[in-house]
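Report on one structure; see the data block that follows.
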Amino acid sequence: MDNYKLEEVKRIIEENLLSPDVLSNILKSSTKRIENYDDHEAVEILTYLSTNETIPKDIKEELSKYLAEYNNYHIKEVEKNKSFGTNNSKITIIYVVIIILLIISLYIIIRRK
């Protein structure tokens, strides 16, 4: 399976070299790169294809749906990571406070003896 670059895809379309087989290869390659590597250039390729006039309407609709799902998933992951980071810092602060309280209580116990 080929790894297409955005400029290469644009050149293929401009030179009227886009056959159904080539389009299928571009779509398979780009979606595989997105799923495996979260490749930004592959997203750009699919976005370009979804807005290009030479691409059949049904394929453009499928691309739009795929990109909408990808963007929705990507937004949810970013929000999830942000909330995890916030919760993680709160837990760290709680652990630090508990350790400080334990040290102070041990100090008080040792001083009483």
Response to the item:
Contacts of I103 meeting side-chain contact (heavy atoms from CB on, under 4.5 Å) (sequence neighbours excluded), chain-then-number -> I99
Without placing hydrogens or testing angles, list every side-chain donor-acceptor pair under 3.5 Å for residues 50-64, not counting sequence neighbours.
from, atom 1, to, atom 2, distance (Å)
S50, OG, L46, O, 3.4
S50, OG, T47, O, 2.8
T51, OG1, T47, O, 3.3
T51, OG1, Y48, O, 3.1
N52, OD1, T54, N, 2.8
N52, OD1, T54, OG1, 2.5
N52, ND2, Y48, OH, 3.2
K60, NZ, N52, O, 3.3
S64, OG, K60, O, 3.0

Worksheet entry | OG1 on T31 to OH on Y70, rounded to 0.5 Å | 12.5 Å
Worksheet item: Is it the case that one hydrophobic cluster holds both I104 and V96, taking links as side-chain heavy atoms less than 4.5 Å apart, direct or via other members?
Response: yes
Discussion item. Keeping R33 on the side-chain end and Y4 on the backbone end, is there a donor-acceptor pair under 3.5 Å?
Written reply: yes
Worksheet item: Going from NZ on K28 to CG on L23, what distance comes out if it is rounded to the nearest 0.5 angstrom?
Response: 11.0 Å
Fill in: Where E44 and L6 come nearest, the two heavy atoms and their spacing
OE1-CD2, 3.8 Å
Item to complete: Could you tell me whether the side chain of S30 and the main chain of L27 form a donor-acceptor pair under 3.5 Å?
Response: no
Fill in: Separation of Y66 OH from N71 CG (nearest 0.5 Å)
10.5 Å
Let me have the donor-acceptor pairs involving side chains of residues 9-18, under 3.5 Å, with sequence neighbours excluded, atom names and distances please.
from, atom 1, to, atom 2, distance (Å)
R11, NH1, E15, OE1, 3.4

Item to complete: Calculate, to the nearest 0.5 Å, the distance between atoms CD1 and OH belonging to I110 and Y107 respectively.
Response: 9.5 Å
Worksheet entry | Short side-chain to backbone donor-acceptor contact, E41 and K5, under 3.5 Å | no
Worksheet item: Are any side-chain N or O atoms of S105 and backbone N or O atoms of L102, one a donor and one an acceptor, separated by less than 3.5 Å?
Response: yes
